[in-house]
There are 2 protein chains.
Amino acid sequence: MPDTPETQEKDRGKEQPRRRQARGERRIAQLLEAAASVFCSSGYAAASTNAIAREAGVSPGTLYQFFPNKEAIAIELGDRLMHEMRETYGAALAPVDPATPLADAVGAVVDRFIAFTTEHPVFFALMKGPDTPGRMAEEHDALHSTLVTRIEELLGSLLPDASAADLTRMAHVCLGIHKAGLELVLTHEGAEREAYVREVKDVLIRYLEPLAGARPGTPDERSAPEA
Amino acid sequence: MPDTPETQEKDRGKEQPRRRQARGERRIAQLLEAAASVFCSSGYAAASTNAIAREAGVSPGTLYQFFPNKEAIAIELGDRLMHEMRETYGAALAPVDPATPLADAVGAVVDRFIAFTTEHPVFFALMKGPDTPGRMAEEHDALHSTLVTRIEELLGSLLPDASAADLTRMAHVCLGIHKAGLELVLTHEGAEREAYVREVKDVLIRYLEPLAGARPGTPDERSAPEA
DNA sequence: CCAGAATGCGAGCGACTACTCGCGTTTGTC
DNA sequence: GACAAACGCGAGTAGTCGCTCGCATTCTGG
């Protein structure tokens with residue numbers, strides 16, 4: 001009889017999450033926190049599961065009680081980060097109000113993403129490295145595509161005559177600038193970090209402003225260089 | 001008697017390059033080429049010495065006849081790349097003629113670096129990864145510092161009133177933009193690649209142009225967007 | 001209170017790594 | 001042609017990695 005409840009359970013839910021006690025949930029959170037720390041300082045590939053377990057103060061066997069393999073740790077971490085990002089900054093991904101001045105729109109988006117990344121440095125660490133595993137890269141690509149599409153929409157409202165290829169290219173350039181800026185911002189602290197944030201915004205605004213032409217807004221309000 | 005010629009040889013020249021036959025030099029070039037290919041597709045850390053030897057069509061033992069360890073392969077590769085870059089594009093690092101229009105100066109430098117990187121993709125691969133070994137990172141930092149200094153000099157001639165901190169920050173931003181642009185350029189081919197090159201130049205020119213103020217040159221000659 | 005599940009441990013397994021060693025082959029030199 | 005040095009090989013070494021397994025402990029539903 002192949003239809004015993006056990007068999008059905010194993011066949012139906014591909015990876016039915018076994019019943020967890022409160023203790024287990026705490027361990028999972030603890031392990032993910034440790035993994036974030038280790039990933040952040042070593043990158044994904046160089047991070048060893050034994051090191052993660054040690055950082056969390058548990059044995060390797062305990063780690064594998066809650067995660068089937070190393071990749072699953074990164075995936076779960078990525079899922080939680082994505083979820084929190086969508087929950088906290090979902091508005092930053094929404095189509096922008098065409099009445100908003102360009103400088104304000106760019107500034108707001110950059111501020112939000114920089115705030116999220118400085119609070120969760122592991123997010124950048126996992127996205128940067130070329131050593132991220134299969135499903136992780138997929139998630140990254142998905143986020144990347146989402147952002148490119150949003151930027152394309154914004155640019156399309158500014159440049160109705162531009163071709164789709166041009167819009168896509170410009171969107172990729174904007175994302176590239178933002179990513180390079182993130183790296184610079186994260187390597188500085190305090191006032192210097194603030195200065196870099198302003199600089200990144202200026203780069204984006206000056207790149208996009210000539211394209212906007214005669215638009216409503218206050219183009220002179222952009223932050224001026226100290227010189 | 002510790003002063004036998006053999007002892008002196010071992011003590012004096014730290015790693016006296018043993019006498020090579022023409023065959024050996026060929027093998028070294030062959031191994032470096034194979035290493036470049038493997039580093040390029042896997043990054044430094046993920047590249048295995050056995051894979052490099054296999055790619056070169058030799059045994060692991062042969063590889064270690066010419067290189068003391070894995071790091072030495074990357075270092076020798078880096079040294080040869082640096083040497084070739086300085087030899088070929090040394091002029092691009094020299095102080096710019098203040099009479100050159102900004103757009104031309106930026107365009108020339110970007111063109112040269114992009115040409116070098118597309119011809120030697122392993123250069124970018126080794127510089128990008130966070131997994132590069134000790135001396136490799138030092139070389140990268142040295143090149144980075146050199147470039148920052150050159151850009152600071154250029155910016156200083158444009159903005160005599162700016163503070164040193166501001167100049168350094170702007171130089172880092174310029175380098176970051178260039179690096180991000182390189183990544184975009186390398187992931188495209190043909191006409192699309194050309195379009196990205198133009199875009200990167202525009203980003204830099206529009207970032208720097210407002211700072212130059214009323215300068216001689218032909219500011220309207222910069223490439224216009226297709227829109 | 002007690003059976004069974006969830007949790008926890010850490011020695012250990014197989015696979016992979018950078019790297020070595022002993023021995024045979026090729027090459028330059030006198 | 002002989003001798004030494006350079007070249008070439010590939011099985012083998014020690015170490016690390018992700019991951020497993022058997023067994024002890026703690027929790028929880030009935």
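Residue numbering restarts at 1 for every chain, and letters A, B, ... go by the order of the sequence lines.
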Please step through side-chain contact (heavy atoms from CB on, under 4.5 Å) for the pair A:Arg27 and A:Gln65, ending with a clear verdict. CA-CA 10 Å; A:Arg27 276 274 181 261; A:Gln65 177 127 146; over 6 Å; no
State, yes or no, whether a side-chain contact exists between B:Leu184 and B:Val200 at a heavy-atom distance under 4.5 Å. no
Is the shortest heavy-atom distance from the side chain of B:Arg193 to the side chain of B:Thr187 under 4.5 Å? no
What's the verdict on side-chain contact (heavy atoms from CB on, under 4.5 Å) for A:Leu63 and A:Ile73, showing C-alpha distance, side-chain angles and the deciding distance? CA-CA 9 Å; A:Leu63 185 151; A:Ile73 305 173; 3.7 Å; yes
Pairs meeting criterion ring pair (Phe, Tyr, Trp, His ring centres under 6.0 Å) with involvement of residues 171-201 of chain B, two or more places apart: B:Phe113-B:His178, B:His144-B:His172, B:His188-B:Tyr196
Residues within residues 35-51 of chain B bordering DNA chain C, heavy-atom distance below 4.0 Å: B:Ala47, B:Ser48, B:Thr49, B:Asn50
Value in whole Å for how far the P atom of D:dT20 lies from CG of A:Leu63: 11 Å
Using a distance-only test with no angle check, is there a side-chain donor-acceptor pair under 3.5 angstrom linking A:Glu71 and A:Tyr44? no
Determine yes or no for a side-chain-to-main-chain donor-acceptor pair under 3.5 angstrom, with B:Ser42 supplying the side chain and B:Phe39 the backbone. no
Could you pull out the protein-nucleic contacts involving nucleotides 4-8 of chain C (nitrogen or oxygen on both sides, under 3.5 Å)?
from: C:dT7; atom 1: OP1; to: A:Gln21; atom 2: N; distance (Å): 3.0
from: C:dT7; atom 1: OP2; to: A:Arg20; atom 2: NH1; distance (Å): 2.9
from: C:dT7; atom 1: O3'; to: A:Arg23; atom 2: NH1; distance (Å): 3.2
from: C:dG8; atom 1: OP1; to: A:Arg27; atom 2: NE; distance (Å): 2.9
from: C:dG8; atom 1: OP1; to: A:Arg27; atom 2: NH2; distance (Å): 3.4
from: C:dG8; atom 1: OP2; to: A:Arg27; atom 2: NE; distance (Å): 3.2

OP1 or OP2 of C:dT20 less than 4.0 angstrom from a side-chain nitrogen or oxygen of B:Tyr64, does that happen here? no
Please report the C-alpha distance between B:Arg80 and B:Glu76 in whole Å, then the side-chain angles of each, then the deciding distance to 0.1 Å, and finally whether the side-chain contact (heavy atoms from CB on, under 4.5 Å) criterion is met. CA-CA 6 Å; B:Arg80 297 199 178 191; B:Glu76 179 66 23; 2.8 Å; yes
